[in-house]
Amino acid sequence: MNKRLNSEKSGSFPRFGRRRSKRELETGSFKLKGLKPKVCGKNQNPVELFWKSDLNHDEILEKVVQFIEKLASGQYKSKAPEIPNFVESFFKMAESRIATYEQSEASAKLGFNEKHTSFFEAISCLSKIVNTLDEFQFDSATTSCFNRAESVHHRAMLLSEYQFLALLEISKRNCNVTIDSKTPKTPKQSFFNSNQETDRCVKPEYDSRTEIVFPYFPPQSVANMNRVALAMISAGYEEECFIVYSGLRLKALDFEFSNQGYENVNMEDFQSMDWESMEGEIDNWIHIVKYCTTNLFSVERKLCNSVFPEHSLIAQKLFCDLATSLTIRLLNFPNAFVLIKQYSAEKLFKLLDIYETLRDLTSSLGTELPALDLISETSETQRRVGEAAVTIFCQLENSIKSDNGRIPVASGAVHPLTRYTMNYLKYACEYKDTLQLVFQQHYETEGSTRRKVQKQESKNAIEDNGRSPKTSHFSVKLMMVMDLLDAKIEMKSKFYRDPALRYIFLMNNGRYILQKIKGSTDIDEIMGPSWSGKRTSDLRQYHKNYQRETWRKVLQCLNHEGLQINGKVSKAILKGRFKNFNTLFDEIRKTQSIWMVSDEQLKSELRVSISAVVIPAYRSFLGRFKSHFDSDKKAEKYIKHQPEDIEGLIDTLFEGNMTSMGRRRHNN
């Protein structure tokens with residue numbers, strides 16, 4: 001006769017005990033919906049179901065253990081020995097205990113005090129009787145004992161599974177913790193305040209140092225879960241144990257996701273959102289992922305390890321299965337966001353936030369073998385997000401190239417393209433390390449880019465004696481953007497008809513770029529000292545060119561040469577010189593007072609340099625030739641400015657408006 005149905009191997013978990021057939025599993029205890037523990041009759045005390053025996057519990061258990069040891073010793077070859085009467089007493093004892101537990105409240109069930117230890121020992125003995133008898137040829141007595149043992153054993157496993165489920169549900173009954181209303185609501189506290197809605201467009205502040213309160217299980221409950229799980233696994237009921245554990249824990253984690261304000265967002269949802277709404281969804285997604293990486297995953301892993309400490313591989317597998325279910329749900333968000341391909345410049349920074357969050361998520365999954373597939377999937381999503389970030393950043397080059405406006409910026413001020421590009425780069429370089437990794441992954445198979453990197457490294461070494469940092473793919477891209485911007489600003493400067501204003505425009509933009517570079521340690525490190533040195537040299541040259549174009553003719557009026565005819569100062573020529581000086585100076589003052597130099601340091605440098613060449617020349621010219629006028633009245637006609645007035649008028653230059661000149665004229 002068949003002793004029992006053949007065991008079915010499982011690919012999910014290692015085998016630790018007798019595993020029942022697929023039919024047994026399908027009709028067995030893990031279908032809890034139909035679970036109906038045996039009940040006593042009306043007005044019947046469970047104690048009345050207890051067996052009657054001359055031996056007490058411990059004596060029977062000891063004899064059963066000795067009987068099992070004999071069966072396993074090998075002294076009986078093929079035929080099982082006679083089944084002692086105390087074995088039947090043992091079965092009745094176990095049934096009585098099961099009946100008592102089935103009628104008890106949850107707090108009185110398995111594992112809640114030390115007296116239940118003997119019951120777990122009884123379960124172990126039942127399992128060993130079934131497995132040991134299975135090795136012998138069956139006669140009628142052995143068959144009866146085997147079937148009896150299996151029946152009691154199965155009933156004990158039903159009770160264990162029912163109790164395991166009850167223990168896992170204790171978290172729900174014990175999580176109604178009262179939170180001080182004065183305490184700001186944190187992501188963790190929201191689990192206990194689900195009736196409070198959170199504005200999903202505001203990024204929640206998350207503090208990983210807060211005491212972990214999820215999942216909430218009393219320590220004794222965790223210890224009891226361990227005892228029940230160990231009994232089920234040892235008895236060969238690991239499949240039911242895992243199904244109950246995984247199912248309830250996954251429901252609890254899904255419930256926690258909802259309490260944290262997280263909702264699934266698909267590609268269709270993204271397509272109908274404006275950018276402000278998208279930002280809110282991204283912030284909320286980042287919050288829940290960080291909550292998982294700094295809290296949820298770590299405590300869930302700890303719970304698995306605490307419930308299954310004797311079976312580390314099982315704990316790893318169960319945790320990885322739970323983490324996989326949650327992570328796949330989380331990965332749907334960035335995958336959908338990337339697939340819509342509505343790329344624009346302002347989305348770069350949120351994409352980089354997503355990329356960094358995925359990086360942290362990958363590291364939180366651990367390095368265990370069961371997690372490798374999940375890590376691979378997460379890394380692939382991270383790569384897609386990185387590719388989208390590269391695409392957006394490269395669009396910056398296109399925006400610079402396509403800016404072909406021919407209308408010059410009024411007053412020679414900083415061009416909007418310069419402001420936009422430099423501010424964009426400043427914020428982008430706050431993600432320098434991430435962008436370097438993203439571009440490295442993007443170009444790792446492209447030899448042409450590697451050659452560009454090597455070429456730039458050689459150029460840096462020649463120009464800077466090796467002081468520049470090692471060039472990366474991102475730094476090459478950044479330098480290309482800077483070169484494009486320089487070329488575009490140079491081109492736009494040619495739209496100014498006045499050469500002096502052209503150099504003011506170049507100085508304004510050059511100084512703005514240089515200040516942004518020096519103000520950002522990240523960009524400054526990438527560009528290197530040679531780049532900054534060259535731009536500083538260019539600014540000095542623009543300054544010199546401006547002075548030459550603007551003040552050369554003014555200074556020529558103050559030249560002492562050419563004033564004498566036949567050894568005497570020609571009054572006509574002298575009057576012409578003063579008149580020309582007044583005309584040129586007033587024209588420059590009128591024109592350049594509305595020119596804009598926004599950088600205060602540059603404005604001061606320009607004024608100081610102008611004063612340094614104009615005022616000494618004017619003072620010298622005035623001091624030498626003022627006496628050649630016949631009277632003070634004639635002198636006032638041609639000498640409109642005193643040296644101290646010149647300095648004050650120079651200080652009205654580059655204010656960018658007409659009011660300063662008007663106020664000066666009124667005061668004078």
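Computed from heavy atoms alone, side chains included, the values below leave out hydrogens, waters and symmetry copies.
Ion pairing of Glu587 with Lys590 is absent here, as no side-chain N (NZ or NE/NH1/NH2) approaches a carboxylate O to less than 4.0 Å. In summary, Lys426 and Glu430 do not engage in a salt bridge, as defined by a charged side-chain N under 4.0 Å from a carboxylate O. Using a 4.0 Å cut-off between charged nitrogen and carboxylate oxygen, Arg607 and Glu647 do not count as a salt-bridge pair. For Glu549 and Lys544, the salt-bridge test fails: no basic side-chain N is under 4.0 Å from an acidic carboxylate O.
When all heavy atoms of Asn509 and Ala413 are compared, the closest pair comes out as ND2-O, 3.7 Å. Closest heavy-atom contact between Asn580 and Cys557: CB-SG, 3.6 Å. Shown here for Ala500 and Asp498, the closest heavy-atom pair between the two residues is N-OD1, 2.9 Å. Closest heavy-atom contact between Ala389 and Leu351: N-CD1, 4.0 Å.
Between the side chain of Ser609 and the backbone N or O of Leu606 there is at least one donor-acceptor pair closer than 3.5 Å. In this structure, the side chain of Asn335 engages the main chain of Leu331 through a donor-acceptor pair within 3.5 Å. Side chain of Ser493 to main chain of Arg502: no donor-acceptor pair is present (N/O by atom type, distance under 3.5 Å, no hydrogens or angles). Looking only at distances, no side-chain donor or acceptor of Asp524 sits under 3.5 Å from a matching main-chain atom of Gly519. Under the 3.5 Å distance criterion, the side-chain polar atoms of Ser620 are left unmatched by any main-chain donor or acceptor of Ala617. In this structure, the side chain of Asn284 engages the main chain of Gly261 through a donor-acceptor pair within 3.5 Å. Asp269 places a side-chain N or O within donor-acceptor distance of the main-chain N or O of Asn266, the cut-off being under 3.5 Å. Without hydrogens or angle criteria, Ser532 side chain to Pro529 main chain gives no donor-acceptor distance under 3.5 Å. With hydrogens and angles disregarded, no donor-acceptor distance shorter than 3.5 Å links the side chain of Gln271 to the backbone of Ile340. Proximity of a side-chain donor or acceptor of Arg589 to a complementary backbone N or O of Ile650 within less than 3.5 Å is not detected.
For the atom pair NZ of Lys553 and CG of Leu555, the computed distance is 13.0 Å after rounding to the nearest 0.5 Å. Taking OH of Tyr262 as the reference point, atom CG of Asn259 lies at 15.0 Å (rounded to 0.5 Å). The line from CG of Leu514 to NZ of Lys516 is 12.5 Å long, rounded to the nearest 0.5 Å. Atom CD1 of Ile639 and atom CZ of Phe581 lie 11.0 Å apart (nearest 0.5 Å). Note that NE2 of His473 is 11.0 Å distant from CG of Leu437, once rounded to the nearest 0.5 Å. How far OH of Tyr427 is from OG of Ser520: 11.0 Å, rounded to the nearest 0.5 Å.
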Assess whether ring pair (Phe, Tyr, Trp, His ring centres under 6.0 Å) is satisfied between Tyr420 and Tyr424, documenting all intermediate values.
-> CA-CA 6 Å; Tyr420 173 81; Tyr424 193 86; 5.8 Å; yes
Side chain to side chain contact (heavy atoms under 4.5 Å, CB included) between His415 and Phe505, intermediate numbers included = CA-CA 8 Å; His415 198 282; Phe505 174 76; 4.1 Å; yes
Given salt bridge (charged side-chain N to carboxylate O under 4.0 Å, His left out), test Asp599 with Arg511 step by step and report yes or no.
-> CA-CA 8 Å; Asp599 184 88; Arg511 175 60 70 96; 3.1 Å; yes
Residues Leu352, Leu348; criterion side chain to side chain contact (heavy atoms under 4.5 Å, CB included); working and verdict | CA-CA 6 Å; Leu352 294 175; Leu348 173 65; 4.0 Å; yes
Do Leu435 and Phe439 pass the side chain to side chain contact (heavy atoms under 4.5 Å, CB included) test, and can you show the C-alpha distance, the side-chain angles, and the key distance before you say yes or no?
-> CA-CA 6 Å; Leu435 282 168; Phe439 274 90; 4.1 Å; yes
Can you check salt bridge (charged side-chain N to carboxylate O under 4.0 Å, His left out) on Arg540 and Glu605, steps first, answer last?
-> CA-CA 11 Å; Arg540 285 197 295 266; Glu605 290 173 358; over 6 Å; no
List the steps and the verdict of side chain to side chain contact (heavy atoms under 4.5 Å, CB included) for Lys477 and Cys394.
-> CA-CA 8 Å; Lys477 180 63 67 174; Cys394 291; 3.9 Å; yes
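Residues Val438 and Glu387 are not in side-chain contact: their nearest non-hydrogen atoms beyond the backbone lie 4.5 Å or more apart. Residues Gln592 and Tyr546 are in side-chain contact: their nearest non-hydrogen atoms beyond the backbone lie under 4.5 Å apart. In this structure the side chain of Glu655 reaches within 4.5 angstrom of the side chain of Lys603, judged on heavy atoms. Side-chain contact between Phe333 and Ile282 is present, with at least one heavy-atom pair separated by less than 4.5 Å. Contact check for Trp275 versus Lys350: side-chain heavy atoms found under the 4.5 Å cut-off. Residues Arg359 and Glu356 are in side-chain contact: their nearest non-hydrogen atoms beyond the backbone lie under 4.5 Å apart. Met422 has its side chain within reach of Leu485: a pair of non-hydrogen atoms, C-beta onward, lies under 4.5 Å apart. Side-chain contact check for Met278 versus Phe337: some heavy-atom pair is nearer than 4.5 Å.
Tested against Asp486 for a salt bridge (charged side-chain N to carboxylate O under 4.0 Å, His left out), the candidates Lys492, Arg535, Lys534 yield a single pass: Arg535. Just one residue in the list Phe621, Phe585, Phe578 forms a ring-ring contact (aromatic ring centres under 6.0 Å, His included) with His641, and that residue is Phe585. The residue from Asn404, Thr421, Thr418, Asp483 that alone fulfils the side chain to side chain donor-acceptor pair (under 3.5 Å) condition with Lys488 is Asn404.
A ring-centre distance under 6.0 Å is not found for Trp595 and Phe654. Under the 6.0 Å cut-off for aromatic ring centres, Phe474 and Phe393 qualify, their centroids lying closer than that. Checked against a 6.0 Å centroid threshold, the rings of Phe625 and His560 count as neighbours.
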